[in-house]
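Worksheet: the structure to be examined is printed underneath.
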Amino acid sequence: MATEHEFDVVIVGAGGAGMRAALESSQRAKTAVITKLYPTRSHTGAAQGGMAAALANVEDDNAEWHTFDTIKGGDYLVDQDAAEILCNEAIDAVLDLEKMGLPFNRTPEGRVDQRRFGGHTRNHGEAAVRRACYAADRTGHMILQTLYQQCIKQEVEFFNEFYVLDLILDGDPQAAGEDGEVAAAGVVAYSLQTGEVHTFRAKSVIFATGGAGKVFKTTSNAHTLTGDGMGIALRAGIPLEDMEFFQFHPTGLAGLGILLSEAARGEGGILRNSEGERFMERYAPTIKDLAPRDMVARAMANEVREGRGCGPHKDYVLLDLTHLEPSHIDEKLPDITEFARTYLGVEPYTEPVPVYPTAHYAMGGIPTNVQGEVLRDNTHVVKGLYAAGECACVSVHGANRLGTNSLLDINVFGRRAGIAAAEYAVATAETPALPADASAQIEGLVASLRETVGGEGTERVAQIRKELQETMDRNVQVFRTAESLAEAHAVVKDLQERYKAIAIHDRGTRFNTDLLEAIELGFLLELSEVVIAGAEARKESRGGHYREDFPTRDDENFMQHTMAYKRADGTVDLDWKPVVVTKYQPMERKY
Amino acid sequence: MSPLPTLYRGAEGMWMWVVHRTTGVAIFFFLLVHILDTALVRVSPEAYNDVIGHYKTPLYTFIEAGLVAAITLHALNGLRVIAVDRWTWALRHQKMLVWGVWIGFAIVMAGFLPRHLMHAFGGA
Amino acid sequence: MTAPADAPVTTDAIPTMTVTLKILRFDPDGLDGREPGTEYWEEFQIEAHATDRVLDALHMIKWEQDGTLAFRRSCAHGVCGSDAMRINARNRLACKTLLKDLNPAKPIMVEPIKGLPVEKDLIVDMEPFFASYREIMPFLMTSGPTPERERLQSPEDRERYDDTTKCILCAACTTSCPVFWTDGQYFGPQAIVGAHRFIFDSRDEGEWDRLEILNDKAGVWKCRTAFNCTEACPRGIEVTKAISEVKHALNTGEI
Amino acid sequence: MTGAPELKAPKKAVSHSTLGRAQRWSWIFQRVSGVLLIGLIAVHLTVNLVMGDGINQIDFAFVAGKLANPFWQWFDFTMLVLAMIHGANGMRMIINDYAQTPWIAATLHWALRISTVVIVILGTLVLFTFDPCPAGSDPSLLPSFCEDI
Ligand SMILES: Cc1cc2nc3c(=O)[nH]c(=O)nc-3n(C[C@H](O)[C@H](O)[C@H](O)COP(=O)(O)OP(=O)(O)OC[C@H]3O[C@@H](n4cnc5c(N)ncnc54)[C@H](O)[C@@H]3O)c2cc1C
Ligand code: HEM
Ligand code: SF4
Ligand code: F3S
Ligand code: FES
């Protein structure tokens with residue numbers, strides 16, 4: 001029988017979003033944080049460049065310009081009310097972190113220093129502005145550490161190395177209709193250490209499980225970013241929004257995907273092709289190398305496609321930092337230059353670094369309103385269910401996230417979700433009861449996977465994952481066409497079939513990572529299908545989604561979000577949801 | 001294959017710590033014995049001379065030499081440890097200082113050993 | 001499948017080589033007829049590139065040969081601190097150690113970090129380690145009203161504790177310290193690094209609380225300057241220097 | 001939008017001051033005594049093992065000769081006390097490190113304490129109550145100045 005726990009608020013995930021929510025929630029209600037990694041291992045710690053806020057510490061700036069940049073950067077698919085909140089609350093979000101002790105870099109006057117970042121401009125696109133608050137090139141590391149430290153101070157209760165595998169709802173989100181009510185009841189988790197299944201009964205549940213970069217092969221994301229939260233929500237009948245929008249970061253270490261922050265270009269780094277040309281001058285004459293990521297990534301892929309790539313296979317371009325002072329590099333970009341040295345053996349002081357776009361960020365995710373409440377359709381919320389961070393889609397990033405807006409997102413909406421979840425829990429007298437068989441499904445799943453050990457299953461988890469990731473890289477990356485998507489779709493369908501015949505190796509109970517990799521692959525397979533389905537339906541090019549067969553943006557038909565539902569029979573259905581427009585009418589995105 | 005784990009491959013610093021610790025213990029036990037035997041002077045001259053006579057055998061000559069070696073190493077490394085905790089320069093160059101300790105040790109022993117052995121085995 | 005899923009595409013043309021890994025395993029469940037708690041060495045052979053990481057090699061084993069092999073990992077580029085282990089008898093991150101840096105002609109020895117209870121294969125119980133970290137109160141302590149804007153800090157004051165902010169809590173330092181192995185009472189170098197980060201932060205006012213804790217018998221005086229911690233730190237933190245600065249602060253009362 | 005979240009008051013440090021100070025003093029003492037010991041031991045070894053006839057000269061007469069001189073009495077006393085405390089303190093740290101079982105640790109600590117105290121007292125008594133010319137001894141074993149008495 002599963003071990004049972006009861007809390008007011010259960011937070012799934014201890015990255016930036018999860019811990020920011022926990023700091024709020026734990027002050028107001030009995031809170032547990034369940035995380036499959038030790039909190040400090042979360043991938044927020046990998047974020048490098050900075051966190052945007054119009055502090056105006058070094059240059060004239062304001063939240064309205066920031067809002068505009070966010071909306072334009074997101075290719076007008078941004079919900080503008082949410083973007084306004086994001087940018088207005090940004091300033092306090094940064095100041096809050098500073099007050100919690102975050103060691104930001106400082107200006108000579110002792111204020112939080114700021115630097116340039118792609119797509120962030122002064123006065124609606126006039127010139128690049130210094131808006132990103134940073135701590136060398138380890139801003140995310142500092143955020144994660146600072147939040148964890150505050151959680152220690154507040155004695156937040158963590159369940160480390162617990163994998164949440166199921167969400168229990170009171171009611172069926174797809175059958176509830178207009179007046180029905182659906183509420184969160186709790187989650188089911190698997191303890192890596194003991195192999196036991198635990199149930200957590202709760203009035204509020206917050207998902208903050210991060211991204212899903214591992215659907216691709218070349219990615220800046222951690223091995224553990226397998227989109228569990230999104231997958232669990234989808235299986236529970238909740239739609240996923242805008243999943244076709246995946247950000248490919250221009251400067252991943254070639255072949256490895258390890259990220260070199262945009263800060264490298266913010267500090268003056270230049271992209272060059274095999275002819276040594278600063279090719280971004282052709283694609284974005286005004287802000288050149290600091291154009292939004294989707295444009296730079298496409299430009300790079302295009303250079304390679306047209307034969308101007310570098311290296312023996314002509315399959316990457318170069319990031320040139322050699323004209324920068326070594327001392328400046330050491331001060332502002334110490335870690336990423338270290339990556340180039342360690343993994344490629346390249347000395348950035350004197351040699352340009354091979355780079356190529358890498359799958360980086362999921363713009364889409366679990367749809368929420370600005371309070372972090374999860375939507376079960378275009379308008380209705382699931383009571384007591386919240387999502388924040390990369391796994392959520394408030395839609396502040398639209399079709400393309402601006403650099404440094406995600407660390408902002410996790411702080412602003414993590415905080416909002418934490419407050420809202422706790423307040424809801426406090427206002428709700430009764431903790432919904434968990435059905436007696438709440439844990440049965442996961443116990444069954446675990447048991448059936450254990451039984452595949454030594455059975456007749458012929459398929460290997462690693463092999464299927466590899467084929468999936470290669471297909472996604474080949475067909476669903478920077479350039480997409482109807483054919484490439486159809487091919488990917490077929491492959492994914494086939495892999496889903498083959499997944500049913502997998503056999504794992506480890507039947508043990510303690511630290512059975514073999515078993516969990518198999519479960520994680522299940523999420524990846526489902527999410528890939530949603531990504532592809534959205535990409536097929538979106539017959540236009542917008543932000544991170546570029547269809548070679550439909551190379552322009554089509555506001556007439558597609559200025560709306562996709563909502564993907566998984567039906568009981570396993571098929572994925574798409575619906576559309578309007579974009580919230582307040583002040584800014586779509587115009588062409590030129591830089 | 002045996003389930004024995006490997007020996008941690010620390011660098012100079014770790015091995016000097018091992019040396020410091022072992023020499024410290026060795027000197028301590030020597031000191032205990034040494035004070036006890038010296039205390040025999042209070043018993044009677046015969047008793048003392050009897051025991052101290054053993055120091056003049058070849059075996060004890062080597063033990064005496066080892067003692068001097070241990071004290072020298074312990075003392076020089078003690079100075080290194082003090083320096084490392086006191087000055088950042090020494091901290092950053094602690095490996096160089098390890099070699100300094102061994103060179104100092106070699107010099108002291110080169111000065112001491114021939115004289116000691118000559119005293120012990122006659123000659124000069 | 002000879003290359004790991006994320007092997008550099010650019011090295012496709014480079015020939016692979018056979019590498020042997022000897023892994024110290026620990027089986028908590030007692031599978032395949034072993035007693036629960038059996039510890040044993042097991043040898044694996046893989047085809048790999050010189051530029052592959054030890055983590056890639058472990059993945060090749062786990063994904064192609066023996067799925068029961070257990071180790072922690074996440075970011076795969078040395079920023080999350082999951083995969084500290086003993087590689088060729090020295091603490092390192094598997095994801096930051098390339099095969100070519102190890103002399104792959106000889107078997108590569110991989111063991112769990114030392115001094116924490118082993119749970120399974122390369123996975124150890126991190127709880128005692130994190131408990132020491134929590135013990136030193138690793139959070140900003142201030143008094144007086146919170147300012148409206150940021151607390152000011154000069155770039156020089158910021159620089160003072162920069163080194164120790166880099167820590168990713170990987171435990172490579174603490175579990176390389178010979179004093180930590182002996183009794184496990186010692187807070188270990190990481191806890192001192194964690195305390196240093198706040199003690200020398202000009203905004204913090206809890207420095208004496210922390211210094212008093214480190215003045216304890218499990219504290220900073222246990223350090224015998226063995227330098228294993230500094231050598232092991234994958235973030236290049238001068239751990240022994242940080243410890244020395246804490247000792248100095250305790251001795252002189254100056255920070 | 002409110003400011004930083006309301007945070008709980010920080011826990012106060014438990015005061016370990018006496019024990020803590022002991023650790024610190026022990027650390028400082030090891031260093032100070034170490035430096036002093038270098039000088040003392042160097043002179044001691046040079047006088048006893050290097051100068052004159054080296055190891056062969058050491059006998060009752062030699063020791064008695066030295067200990068009749070108050071300078072050497074105090075010199076040896078300082079060396080005795082410093083070395084014993086330094087050594088015993090070092091041994092105490094080592095026992096703390098390796099003796100895991102409480103009763104073993106306690107036994108060793110007591111053994112160390114008792115032997116240290118005994119040795120220091122014994123050594124001191126010998127140094128200061130020493131009679132270089134004990135009555136009734138074979139004069140050939142005594143220092144030459146005994147003949148004058
Ligand atoms: C290399 C890199 C650099 C970046 N740089 C920047 C930057 O400079 N600026 C910027 O704004 N953004 C940047 N980003 C994006 C940003 O860092 C992430 O989007 C953001 O940190 C995500 O935070 P999160 O809290 O949502 O998720 P994460 O930090 O990924 O945390 C996810 C949490 O969920 C837990 N979890 C997952 N699945 C489960 C499960 N099944 N059960 C229990 N727990 C689970 C994990 O344990 C983890 O604690 C970068 C991203 C990467 C990859
Ligand atoms: C000759 C001059 C000496 C010097 C300069 C010296 C120096 C030191 C120093 C600095 C330490 C502390 C090491 C640390 O904290 O890491 C130490 C430890 C020690 N010393 Fe000495 N010492 C000397 C003589 C002696 C003598 C004569 C003895 C024996 C009686 C001795 C026994 C020890 C022991 C047992 C330790 C503990 C070692 C450990 O904890 O690892 N030392 N010494
Ligand atoms: S100080 Fe270095 S080795 Fe120690 S935990 Fe931190 S990062 Fe790891
Ligand atoms: S290895 Fe240990 S002894 Fe001190 S210098 Fe480092 S903490
Ligand atoms: S896997 Fe993150 S540090 Fe190695």
Side-chain angles (χ1 to χ4, degrees), chain B residues 1-31 69-106 108, chain C residues 22-27 34-35 37-43 85-92 102 107-115 118 172 175-182 220-232 238-248 250-252:
Chain B
M1 276 186 283
S2 92
L4 271 183
T6 57
L7 194 61
Y8 195 88
R9 261 211 259 161
E12 286 88 340
M14 175 176 122
W15 296 115
M16 285 318 281
W17 166 77
V18 172
V19 166
H20 198 83
R21 197 156 253 207
T22 10
T23 52
V25 174
I27 303 167
F28 181 76
F29 281 110
F30 175 87
L31 190 63
I71 291 182
T72 314
L73 261 183
H74 185 93
L76 290 176
N77 189 57
L79 289 180
R80 168 181 158 271
V81 166
I82 293 169
V84 157
D85 264 324
R86 185 69 193 69
W87 296 285
T88 308
W89 180 90
L91 187 129
R92 294 211 166 119
H93 295 82
Q94 55 95 8
K95 289 193 179 173
M96 214 174 82
L97 292 178
V98 170
W99 298 113
V101 167
W102 286 104
I103 290 166
F105 171 70
V108 171
Chain C
K22 271 193 190 179
I23 302 178
L24 186 60
R25 304 201 55 179
F26 178 86
D27 176 1
R34 283 182 294 262
E35 282 289 307
T38 311
E39 215 181 5
Y40 58 102
W41 282 98
E42 192 168 359
E43 216 176 283
M85 50 186 78
R86 230 165 349 141
I87 299 170
N88 281 355
R90 230 176 251 170
N91 281 3
R92 324 180 203 231
L102 286 177
I108 295 169
M109 316 287 281
V110 184
E111 298 153 86
I113 44 179
K114 195 169 161 173
V118 180
T175 59
S176 76
C177 174
V179 181
F180 180 77
W181 302 330
T182 56
V220 65
W221 306 115
K222 269 194 116 77
C223 167
R224 307 252 81 86
T225 52
F227 282 94
N228 278 5
C229 51
T230 303
E231 308 253 344
E238 289 183 289
V239 182
T240 313
K241 178 161 173 277
I243 298 174
S244 250
E245 287 172 358
V246 171
K247 288 175 185 164
H248 191 75
L250 276 168
N251 277 331
T252 62

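Residue numbers start from 1 in every chain, and the chains themselves are labelled A, B, ... in the order their sequence lines are given, proteins ahead of strands.
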### Task
Please flag which part of S176(C) lies under 4.5 Å from any non-hydrogen atom of chain B: side chain, backbone, both or neither.
both
### Query
Under a 4.5 Å heavy-atom cut-off, does chain C meet the side chain of L91(B), its backbone, both or neither?
both
## Note on the structure
The interface call for N251(C) against chain B, heavy-atom contacts under 4.5 Å, is neither
### Message
Quick one, R224(C) with R21(B), criterion side-chain contact (heavy atoms from CB on, under 4.5 Å). Give me CA distance, side-chain angles, the key distance, then yes/no.
### Response
CA-CA 10 Å; R224(C) 307 252 81 86; R21(B) 197 156 253 207; 3.9 Å; yes
### Task
Select, from R86(C), H248(C), K114(C), the one with the greatest count of heavy-atom pairs under 4.5 Å involving chain B.
R86(C)
### Query
Of all heavy-atom pairs between N228(C) and G10(B), which one has the smallest distance, and what is that distance?
OD1-CA, 3.6 Å
### Task
Please check if the side chain of R90(C) supplies one atom and the backbone of R9(B) the other of a donor-acceptor pair under 3.5 Å.
yes
### Message
Ignoring hydrogens, what is the shortest heavy-atom contact between P5(B) and L24(C)? Give both atom names and the distance.
### Response
CB-CD2, 4.2 Å
### Task
Tell me, out of M16(B), K95(B), H20(B), R92(B), who's got the most heavy-atom pairs with chain C below 4.5 Å.
R92(B)
## Note on the structure
Turns out that what part of E245(C) lies under 4.5 Å from chain B's heavy atoms comes down to neither
### Message
Please confirm whether the ring centroid of W181(C) lies under 6.0 Å from the ring centroid of Y8(B).
### Response
yes
#### Entry: Heavy-atom contact with chain B under 4.5 Å, split by part of K247(C)
side chain
### Message
Looking only at heavy atoms and a cut-off of under 4.5 Å, which of I243(C), N88(C), N91(C) has the most pairs with chain B?
### Response
N91(C)
### Query
CE/M14(B) to CZ/F227(C) distance, rounded to the nearest 0.5 angstrom?
14.5 Å
### Query
Closest approach of T6(B) and M109(C), non-hydrogen atoms and distance?
CG2-CE, 3.8 Å
### Task
Can you measure from CD (Q94(B)) to OG1 (T240(C)) and round to the nearest 0.5 angstrom?
7.5 Å
